[in-house]
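What follows is one structure encoded as structure tokens, with my remarks underneath.
Chain A is the first sequence line, chain B the second, and so forth, proteins listed ahead of strands; every chain is numbered from 1. Computation of the quantities below employed the complete heavy-atom set of this structure, encompassing side-chain atoms and omitting hydrogens, waters and symmetry-equivalent molecules.
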Amino acid sequence: MLNLYFRGDDILENDNACVIVVEGLTKKYGDLVAVKEINFCVRQGEIFGFLGPNGAGKTSTVRMLCGLTKITSGKAKIYGYDVVQNHKNVKRIIGVVPESSNLYWDLTCLDNLLFCGEMFGVPREERLSRAIKLLKSFGLWDKRNVKFKNLSKGLKRRLTIAAALIHNPKILFMDEPTAGLDVFSKRMLWNKILKLKENGVTIFLTTHNVREAFEICDRIVIINKGRIVALGRPWELKRAFSPKGIVEAIFHPRNPKVEEISRLRGVIGVVEEKGLLKIITYDAVSVLEEIAKLAKSRRLDIYLLNVRGLDAEELFMKIVGDS
Amino acid sequence: MFGGIEKAFYIAKKDLKEYYMKPGTISWGLIFPFVFSLAFMIRRGGMSVWLAPGMISLALFFGSTSMSAMAIVFERRIDSFERLLLFPISYVCIALGKSLSSFVLGIIALIPVLILAEIFTSTPPLNPLLLMVCVLLATFTSSTFGVLLSFLIKDPSQTMTIFNIVRFPMMFLSNVIIPVNTFPQILKIISLLMPLTYITEAIRYSYSGIYDIIPPYMSLSVTAILGILFLYLSSLVIKRNIP
């Protein structure tokens with residue numbers, strides 16, 4: 001079984017464990033093609049990261065899967081249900097955390113959850129207990145009688161996530177769940193997401209936070225200009241797209257000129273950021289030798305010398321940039 | 001089907017909790033029809049049997065349409081309307097839920113005007129049971145009309161303006177305060193195109209046993225058909241509005 005697809009939009013996998021299957025999905029707004037013939041599958045119980053720069057087509061894709069946007073062409077199935085023809089069955093098993101926290105302003109936290117429970121058909125005797133459990137679990141119990149409009153941005157986000165879980169969905173779509181949250185709330189949310197995964201919930205996560213997505217996701221899709229440009233496990237993407245290394249160096253009393261470094265053997269590119277030289281190379285050993293020679297000939301001390309691979313954000317930018 | 005109706009009730013309950021105290025609902029839905037009726041009554045030194053049904057239809061029409069204008073447009077503006085699209089319900093269920101909350105506000109708006117009519121009209125309603133049926137039917141049709149109009153408006157900030165552009169001509173052309181019999185032919189034809197004309201005629205017949213141009217069986221059946229038609233069209237517009 002293949003797990004890794006690069007630069008191709010073809011579906012190469014026929015996996016029974018797929019709970020979301022997307023084939024040739026396309027969305028056009030007039031002449032603008034927001035999503036172009038994308039294919040992928042999401043397996044049961046995984047955290048599936050959907051990354052891309054602004055306007056790449058992430059939100060359009062999520063909205064098509066949730067029934068909030070019409071599909072121009074192609075197909076999408078969730079647990080075997082076609083998202084267009086069986087949209088009611090699909091909506092029963094998915095929870096959605098939209099990009100904006102859009103619960104009802106003049107309802108209290110508790111009333112918002114109870115209303116969502118009613119609309120998802122949660123049995124009357126279970127609604128209240130589930131709502132209370134969620135309020136406690138998201139640290140909102142003290143705010144249960146506070147109107148949604150009077151909550152802080154972070155608390156609104158938490159309640160929006162809690163509302164998406166009231167009917168125990170099998171799949172949770174989260175569109176930028178941590179947008180605007182402080183570090184503590186973000187950490188709490190990531191822990192919640194991991195707990196949901198432990199309980200067998202499949203998470204479809206759209207985020208700008210590349211670093212955290214690479215830490216938390218089982219597999220990642222990178223989309224750019226409506227096309228999938230990479231799909232795989234985080235370490236697979238790193239290995240496949242990051243054969244290069246970065247040599248970081250600081251010389252004393254001053255760094256040599258960037259042009260001079262760029263002429264050294266094995267150097268692909270150089271940037272200087274706040275006195276730190278970042279030298280991109282395919283051959284770190286040669287670069288280290290050349291740097292030692294250069295320092296000796298110029299009578300410069302090497303204050304810092306470090307070799308590392310691309311980090312998640314650099315990798316993301318490289319993949320998007322290359323595409 | 002019954003599950004859908006139950007969920008429509010939940011939507012209505014939620015809307016009433018959220019929007020019945022909003023300024024737009026109170027001013028246009030409750031205060032305006034009451035003050036308008038009062039003003040007419042004072043000017044004419046009482047409420048005639050001909051005018052009372054007009055005031056009743058005006059009150060239920062403004063009450064029910066103001067609620068939908070408030071609830072739907074506000075929710076569309078802050079994106080919370082999209083939540084309804086994420087629930088496993090049909091578009092008809094959404095339209096019905098929104099209509100039911102408007103229906104309740106229409107009935108609430110009607111009560112003070114009914115009291116005024118009861119106190120200041122010389123004769124009581126001719127057929128109270130038929131009047132009740134007509135009022136319920138008329139409020140439902142007004143509600144679905146308001147819901148349809150709310151979904152048709154593209155720019156939510158223009159809602160009240162557009163609603164009043166539609167409602168005020170109806171007030172004068174729908175046999176509410178000016179007898180349609182006195183109109184020139186062209187205005188009579190325009191009057192027949194307005195749902196409020198049928199609503200007013202049905203209520204007037206049940207209240208006083210008279211009608212001006214539309215026989216009661218026709219005004220009642222057209223009111224009922226329009227109610228269902230507006231509901232169905234609202235569901236189509238909700239679907240069409242999905243980008």
Side-chain angles (χ1 to χ4, degrees), chain A residues 27-30 32 34 59-60 62-72 81 84 86-108 110-112 114-122 124 127 147-149 156 160 163-164 166-167 169 173 175, chain B residues 1-26 67 70-98 100-101 105 154 156 235-243:
Chain A
K27 179 66 194 175
K28 290 180 187 170
Y29 298 99
L32 177 79
T59 299
S60 291
V62 173
R63 288 176 64 88
M64 281 192 279
L65 294 177
C66 302
L68 292 176
T69 296
K70 286 175 192 149
I71 293 172
T72 306
Y81 295 119
V84 178
N86 306 108
H87 69 98
K88 277 200 215 167
N89 287 332
V90 168
K91 285 169 185 172
R92 277 189 196 101
I93 53 174
I94 64 168
V96 181
V97 180
E99 198 173 359
S100 59
S101 300
N102 60 356
L103 285 168
Y104 300 99
W105 283 25
D106 283 291
L107 293 190
T108 64
L110 181 61
D111 282 343
N112 261 302
L114 290 176
F115 173 65
C116 291
E118 287 169 345
M119 295 307 291
F120 277 114
V122 176
R124 192 181 294 268
R127 268 176 228 151
K147 285 184 177 177
F148 182 70
K149 67 179 176 188
K156 276 183 181 157
T160 307
I166 191 80
H167 58 301
F173 287 92
D175 195 358
Chain B
M1 185 193 166
F2 291 111
I5 292 172
E6 187 189 5
K7 283 171 185 170
F9 273 107
Y10 291 141
I11 294 173
K13 188 179 75 177
K14 188 269 300 169
D15 276 0
L16 287 167
K17 263 188 192 174
E18 263 211 297
Y19 302 112
Y20 78 103
M21 284 300 284
K22 292 276 181 197
T25 316
I26 294 173
M67 181 69 181
M70 200 65 228
I72 294 169
V73 171
F74 184 72
E75 286 186 0
R76 282 173 70 200
R77 193 188 301 168
I78 63 165
D79 279 348
S80 59
F81 180 73
E82 281 202 340
R83 295 208 76 84
L84 294 180
L85 300 174
L86 291 170
F87 295 129
I89 51 174
S90 65
Y91 302 120
V92 175
C93 174
I94 295 174
L96 183 62
K98 294 292 178 192
L100 287 176
S101 57
L105 202 90
K154 297 267 183 212
S235 72
L236 290 186
V237 176
I238 294 171
K239 194 176 176 184
R240 195 200 63 183
N241 283 351
I242 294 174

So what's closer than 4.5 Å to chain B heavy atoms on A:Lys147: side chain, backbone, both or neither?
neither
At a heavy-atom separation under 4.5 Å, does A:His87 approach chain B through its side chain, its backbone, both, or neither?
side chain
Look at the side chain of A:Asn102 and the backbone N and O of B:Asp79, then say whether any donor-acceptor pair between them is shorter than 3.5 Å.
yes
Strictly distance-based, threshold 3.5 Å: is any side-chain N or O of A:Thr72 a donor or acceptor partner for the main-chain N or O of A:Lys28?
yes
Side chain from CB out, backbone as N, CA, C, O: work out which of these in A:Thr69 comes under 4.5 Å of a heavy atom of chain B, or both, or neither.
both
Pick from A:Ala164, A:Cys116, A:Gly67 with the largest number of heavy-atom pairs that fall under 4.5 Å of chain B:
A:Cys116
Backbone N/O of A:Leu114 and side chain of A:Arg127: donor-acceptor pair under 3.5 Å
no
Ranked by heavy-atom pairs below 4.5 Å to chain B, first place among A:Lys91, A:Arg63, A:His167 goes to A:Lys91
Under a 4.5 Å heavy-atom cutoff, which of A:Asn112, A:Leu68, A:Leu107, A:Ile94 has the most pairs with chain B?
A:Leu68
Basic-acidic side-chain contact under 4.0 Å: B:Lys13, A:Glu118
yes
Taking side chain as everything from C-beta outward and backbone as N, CA, C, O, which of these in B:Phe81 sits under 4.5 Å from a heavy atom of chain A? Side chain, backbone, both or neither.
neither
Salt bridge present between B:Lys17 and A:Asp106 (N-O < 4.0 angstrom):
no
Please classify the contact between A:Asp111 and chain B as side chain, backbone, both or neither, with a heavy-atom cut-off of under 4.5 Å.
side chain
Over 60° means perpendicular and under 30° means parallel, so tell me whether A:Tyr104 and A:Phe115 are parallel, tilted or perpendicular.
perpendicular
